[in-house]
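All values reported here derive from a predicted model rather than from experimental measurement. Throughout, a chain's letter reflects where its sequence line sits, starting with A, and its residues are numbered from 1.
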Amino acid sequence: MLESQFVPKDSESSIYEFWLKHDLFKADPESKAPTYTIVFPPPNVTGVLHMGHALTCTLEDILIRRKRMQGFNTLWVPGTDHAGIATQMVVERNLMKEEKKSRHDLGREKFLEKVWEWKEKSQETIISQMRKMGGSFDWSRLAFTLDENVSLAVKECFLRLYNEGLIFRDTAIIQWCPRCHTALSDLEVKFKEVPGKFWHIKYRLKGEPSQFLVVATTRPETLLGDTAVAVHPDDERYSSFHGKEVMVPLVGRAIPVVLDSYVDPKFGTGALKITPGHDPNDYIVGKRHHLPIISLMDENAILNQEAGSYRGLDRVKARQKVLEDLQNQQLLVKEEDHSHNVGHCDRCGTVVEPKVSKQWFVKAEELAQDAIRAVEKKEIRIVPEEWEKTYFEWMRNIRPWCISRQLWWGHRIPVWYCAKCEAVHVGLEAPKECSKCHHSSLKQDEDVLDTWFSSGLWPISTLGWPHESKDLNAFYPTSVLETGFDILFFWVARMIMLGMKMTGKIPFHTVYLHPMVRDEQGQKMSKTKGNVVDPLEISDRLGTDALRFFLSWNAFHGRDMRVSEEGVENCKFFVNKIWNASRFVLMHFSDVKESKIDLSNEINRWIWSRLNHIKEEVNRSLDQYRFFEAAQAIYHFIWSEYCDWFIEFIKSKEELELRKSSKESTAVQVLEEALRLLHPFMPFVTEKLWQEMPLRDQTKVSICITQYPETDKSKISQETEDKLGRVIRLIEQIRTTRGVHQLSPAVEITISVTSLVGEGLLKELIPFKELIKKLGKLKEIEFIQTEFPKETHLSVIMRDLKLFIPKTDLGDLTQELARKKKELVEKTEALRRAEEKLRNERFMNSAPQAVRDGVVKQKTELKREVEALQQYLEDLS
RNA sequence: GGGUGCUUAGCUCAGUUGGUUAGAGCGCCUCGCUUACACCGAGGAGGUCGCAGGUUCGACCCCUGCAGCACCCACCA
């Protein structure tokens with residue numbers, strides 16, 4: 001006997017332990033079964049899992065569990081990501097807080113020890129959270145992006161790309177974060193519109209201080225690094241300056257006026273200061289005109305010796321000082337408001353500084369070609385499909401990918417420089433000596449690689465690449481890559497590019513992009529806003545099954561998904577419903593020993609037919625990643641069909657006794673199948689209940705490895721569904737009538753039913769007489785084939801049936817009268833429309849047969865109903 | 001500046017190639033503690049499908065324009 005309630009907290013962990021004990025999630029590379037593989041997007045080891053992870057866990061587990069039940073050799077690879085900047089930042093912050101030390105105080109080695117400590121702790125937490133979510137991961141394959149084999153894969157990949165000339169080192173202007181002290185890739189810079197000012201500054205002509213041109217800038221402090229002023233060649237306002245030199249204000253350095261059509265004469269003053277060291281565009285213009293580059297700032301964005309007397313000031317203070325000085329020297333012409341886009345570090349929010357430095361780059365545009373083709377040719381399908389456009393858009397305009405980071409935490413770049421001749425050596429190991437000059441002193445590049453470089457290899461590195469491993473043979477290409485669309489470029493695109501380049505094969509055949517998790521108001525969840533809904537806290541209180549069901553129910557093919565505690569609570573009610581339905585069934589049928597299905601019974605035939613329809617729908621929906629549709633189908637079946645009608649049907653004393661004594665097993669078996677159908681969504685409660693089912697597959701230790709329900713077409717009977725549909729509708733109509741007349745359920749009424757279309761429909765109702773009486777709370781019901789009986793009130797007019805309720809049973813009729821009048825008007829109008837349609841020649845010529853038939857049928861029915869209504873109203877008055 | 005997506009019931013969203021009466025969950029209102037479940041049951045109200053045109057026998061669906069919202073990409077100083 002089951003407890004009266006399911007308490008998730010008490011059961012979940014022991015159920016998970018049970019699964020682990022039986023080793024149900026381990027994939028076997030030797031198995032002959034078809035494989036199904038998902039690599040879990042490795043969470044950063046920065047902290048705890050949030051709702052987005054919970055969603056990923058849930059959806060992927062649904063896919064995996066279903067495939068496992070379908071007999072696939074399933075592999076779900078768990079893992080975590082070292083997350084270079086993010087983790088280093090967290091640990092640095094922690095270090096500062098606890099020990100008041102910077103990472104430099106510790107030194108590289110000691111600091112890395114600290115990060116490893118952090119990683120161990122964080123990974124442990126993450127793993128326990130993934131278990132709590134019920135994830136059926138193959139824990140024997142747990143991976144981390146700094147694992148030995150992953151490192152080998154990273155080096156191998158780097159080496160191959162380098163040898164092909166797809167990785168190169170170059171001096172370039174890159175985005176620099178002065179807070180993280182590292183270069184960033186373009187993707188890691190987020191541009192935000194911020195209010196700023198436009199300062200107009202005088203640049204005097206060299207030798208003729210009375211003449212000057214005015215330059216407009218948003219960053220006056222960078223004028224210290226100006227190496228030219230550019231004007232448009234056709235801009236006549238400045239023709240007298242062509243070939244001349246102007247003086248940089250404050251520093252008194254002479255710089256040329258260059259002509260460049262990049263300058264937009266209509267913007268600002270039409271004269272543009274060129275600072276190649278601190279602006280990507282100026283850098284390009286500078287290159288064109290062979291201008292020198294002045295780097296004004298150090299890694300903290302503090303002005304250096306190039307800035308002369310401004311040395312030691314940071315960017316902000318330098319700007320103030322420069323403006324002050326300009327003002328004092330009357331070089332500041334005017335100041336106007338001007339909001340513009342400013343790049344911020346994606347991680348820490350600091351304003352980034354363009355900086356000229358030597359960095360490593362990947363020629364992404366070359367790798368992108370195959371990656372684009374794979375999606376074009378649908379070798380890789382992106383779901384929902386509209387993301388393909390975004391993917392193409394980005395891939396076709398892809399730019400070199402800066403992969404070197406001036407961090408300590410990450411994959412060290414596998415490059416060594418000769419201390420003597422500076423020759424570059426790229427390899428898996430440190431070379432013994434320089435291949436050029438045979439000098440033995442070589443120094444490894446100090447930098448590490450962008451985190452996404454190693455994540456980009458995740459599907460192959462976790463399976464053993466570059467080794468020809470069994471796993472790689474068996475499980476690669478993987479099946480589905482499921483993640484949020486926010487990392488489509490960061491991660492998905494790079495996996496496709498690197499995976500294809502390294503193996504010649506696509507890394508996965510489907511990319512499913514789930515919506516972003518938001519709060520109830522549709523706001524992004526963030527710690528600072530305080531609107532974070534913690535999945536673990538929710539799962540603790542309301543149960544993992546409820547949370548998972550909520551998440552799948554809401555995994556629409558949209559962009560946002562709103563999470564509310566209330567929503568999860570409603571799903572908890574569903575868990576409760578299943579629990580109680582199971583209790584009821586077990587209460588009466590726990591001694592059923594064998595399958596015994598009486599299909600001559602219409603109700604049995606009906607529920608089996610419905611079940612098989614639902615199985616079809618669930619499987620179809622899941623094949624299309626329409627989780628919400630599948631979840632809703634099961635919900636509706638269990639609650640509104642199995643519980644509300646089937647159980648209610650069989651609940652009558654006689655029916656129940658009959659079923660119990662004959663050991664008819666439909667109630668048990670339909671429920672058992674429904675549990676299996678639901679299991680991928682709600683693994684815990686379904687496992688617990690399944691273990692109690694008298695007719696489960698005893699050869700299986702757990703529901704996890706039972707067969708996933710497949711549609712049995714022979715059990716589908718549209719005829720039965722239609723017939724029961726009519727019975728259900730009749731009962732609903734009786735109840736409605738009751739409601740309309742405000743008759744309490746305690747009042748038992750008598751009704752007469754007459755058929756509008758002959759006796760066939762009445763006859764089919766006769767077997768359900770007792771049921772209709774019980775569920776409609778009727779004293780008596782009679783089926784008459786005669787015409788309209790005078791002494792009664794027609795209360796319900798359905799398509800094919802009229803229900804008559806004797807006057808004596810009814811109370812106030814005014815409300816009823818008004819309703820019927822309104823109904824008459826509506827139906828008459830509908831009838832007119834149908835008739836008009838049938839008179840329309842073009843409709844009759846071009847509409848499909850089925851549609852025309854439908855309209856004809858509708859017309860006949862409406863006509864009958866209208867007549868009946870008219871008669872009824874006449875009769876009343 | 002370019003691109004993408006959205007606008008359907010009070011809220012969150014479905015609506016599969018244009019075709020009979022546009023759906024679900026929640027919320028709301030009324031009634032009911034009926035021996036699986038009040039975490040429940042029964043019933044009900046609620047929509048001119050953002051606006052304006054067009055194509056069509058027929059449009060939530062296709063086309064054009066407009067409005068509003070969201071997101072992504074982009075170097076205009």
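What separates CD of A:Glu569 from C1' of B:C40 is a distance of 15 Å, to the nearest Å. Between the CE atom of A:Met561 and the P atom of B:U12 there is a distance of 15 Å, given to the nearest Å. Nucleotide B:G41 holds its P atom 15 Å from the CD1 atom of A:Ile728, rounded to whole Å. For the pair A:Arg842 CZ and B:C57 C1', the interatomic distance rounds to 6 Å; values are reported in whole Å. Rounded to an integer number of Å, the gap from A:Gln521 CD to B:U12 P is 10 Å. Rounded to an integer number of Å, the gap from CD of A:Gln624 to C1' of B:G15 is 14 Å. At whole-Å resolution of the value, NZ in A:Lys837 and C1' in B:U20 are 7 Å apart. A straight line from CD of A:Glu617 to P of B:G15 spans 12 Å, rounded to a whole angstrom.
Cation-pi geometry between A:Arg548 and A:Trp553 is not met: the NZ or CZ atom fails to fall both under 6.0 Å from the ring centre and inside 45° of the normal.
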- line: Heavy-atom contacts, protein to nucleotides 72-77 of chain B, under 4.0 Å, summarised as B (base), S (sugar-phosphate only) or - (none) per nt, yield SSBBBB

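Note on A:Glu657 versus A:Lys653: no salt bridge recorded, every NZ/NE/NH1/NH2 to OD/OE distance being 4.0 Å or above. Salt bridge A:Arg562/A:Asp519: absent, no basic N to carboxylate O contact under 4.0 Å.
If you run ring pair (Phe, Tyr, Trp, His ring centres under 6.0 Å) between A:Phe549 and each of A:Phe573, A:Phe627, A:Phe684, A:Phe574, only A:Phe574 comes through.
Environment of NZ in A:Lys774: crowded, with over 12 heavy atoms of neighbouring residues, nucleotides or ligands closer than 6.0 Å. Atom NZ of A:Lys857 is surrounded by 12 or fewer heavy atoms from other residues, nucleotides or ligands within 6.0 Å.
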Provide a list of protein-nucleic acid N or O atom pairs under 3.5 angstrom, restricted to nucleotides 43-45 of chain B.
residue : atom : partner  : partner atom : Å
B:G43   : O3'  : A:Thr736 : OG1          : 3.4
B:G44   : OP1  : A:Thr736 : OG1          : 3.4

Report all interatomic pairs (protein N or O, nucleotide N or O of nucleotides 6-11 of chain B) with separations under 3.5 Å.
none

Produce the list of close N/O pairs, under 3.5 Å, pairing protein atoms with atoms of nucleotides 22-27 of chain B; give distances to one decimal.
none

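Every ring-ring contact (aromatic ring centres under 6.0 Å, His included) that A:Phe628 has, sequence neighbours left out, goes to A:Phe556, A:His557. Remark: A:Glu520 pairs with no residue by the side chain to side chain donor-acceptor pair (under 3.5 Å) rule, at least two apart or across chains. With sequence neighbours excluded, no residue forms a salt bridge (charged side-chain N to carboxylate O under 4.0 Å, His left out) with A:Asp545. Residues satisfying the salt bridge (charged side-chain N to carboxylate O under 4.0 Å, His left out) criterion with A:Glu770, sequence neighbours excluded, are A:Lys773. A:Asp260 pairs by the side chain to side chain donor-acceptor pair (under 3.5 Å) definition with A:Arg288, A:His289, not counting sequence neighbours. With sequence neighbours excluded, no residue forms a side chain to side chain donor-acceptor pair (under 3.5 Å) with A:Asp282.
Helical stems in RNA chain B, defined as runs of 3 or more consecutive Watson-Crick or G-U wobble pairs with both donor-acceptor distances under 3.5 Å, are listed by first residue as B:1-7 with B:67-73, B:10-13 with B:23-26, B:28-32 with B:40-44, B:50-54 with B:62-66.
B:U8 and B:G47 have their C1' atoms separated by 7 Å, given to the nearest Å. A distance of about 8 Å separates the C1' atoms of B:A22 and B:G15, rounded to the whole Å. Nucleotides B:U56 and B:G10, compared at atom C1', are 35 Å apart to the nearest Å. One C1' atom belongs to B:A74, the other to B:G1, and the distance between them is 8 Å to the nearest Å. For the P atoms, the distance from B:C57 to B:G18 is 15 Å, rounded to whole Å. When the P atom is compared between B:A9 and B:A14, the two are found 13 Å apart, to the nearest whole Å.
Within the nucleic acid shown, A:Pro354 has no heavy atom closer than 4.0 Å to any nucleic acid atom. Residue-level contact check: A:Lys857 touches neither bases nor backbone, having no heavy atom under 4.0 Å from any strand. Counting any heavy atom pair closer than 4.0 Å across all strands shown, A:Ile274 reaches no nucleic acid atom. Within the 4.0 angstrom heavy-atom criterion, base atoms lie near A:Glu648. As judged by a 4.0 angstrom heavy-atom cut-off over every strand, A:Lys577 is placed among the base-contacting residues.
Toward the 5' end of RNA chain B, the nearer of the two residues A:His588 and A:Gln5, judged by each one's closest nucleotide, is A:His588. Map A:Val855 and A:Asn580 each onto its nearest nucleotide of RNA chain B; the residue landing nearer the 5' end is A:Val855.
Under the 3.5 Å distance criterion, the side-chain polar atoms of A:Thr269 are matched with a main-chain donor or acceptor of A:Val214. Of the possible donor and acceptor atoms, one in the side chain of A:Asn554 sits under 3.5 Å from a partner among the backbone N and O of A:Phe550.
Contact between A:Phe485 and A:Arg559 at its shortest, heavy atoms only, is CE2-O, 3.4 Å.
No donor-acceptor contact under 3.5 Å links the side chain of A:Glu841 to the base of B:C57.
In this structure, of B:U12, B:A36, B:G41, it is B:G41 that holds the atom nearest to the side chain of A:Asp644. For A:Arg626, whose side chain is taken as the heavy atoms from C-beta onward, the closest listed nucleotide among B:A36, B:G15, B:G3 is B:G15. Nearest nucleotide to the side chain of A:Phe556, out of B:A36, B:C13, B:C57: B:C13.
A donor-acceptor contact under 3.5 angstrom links the side chains of A:His278 and A:Glu353, judged on distance only.
The phosphate of B:U34 has neither OP1 nor OP2 within less than 4.0 Å of any side-chain N or O from A:Lys777.
The six-membered or imidazole ring of A:Phe198 lies near that of A:Phe267, with a centre-to-centre distance under 6.0 Å. Taking the six-membered ring for Trp and the full ring otherwise, A:Trp387 and A:Tyr391 have centroids separated by 6.0 Å or more.
Residue pairs meeting the salt bridge (Lys or Arg N to Asp or Glu O under 4.0 Å) criterion with at least one member in residues 834-849 of chain A, sequence neighbours excluded: A:Arg832-A:Glu836.
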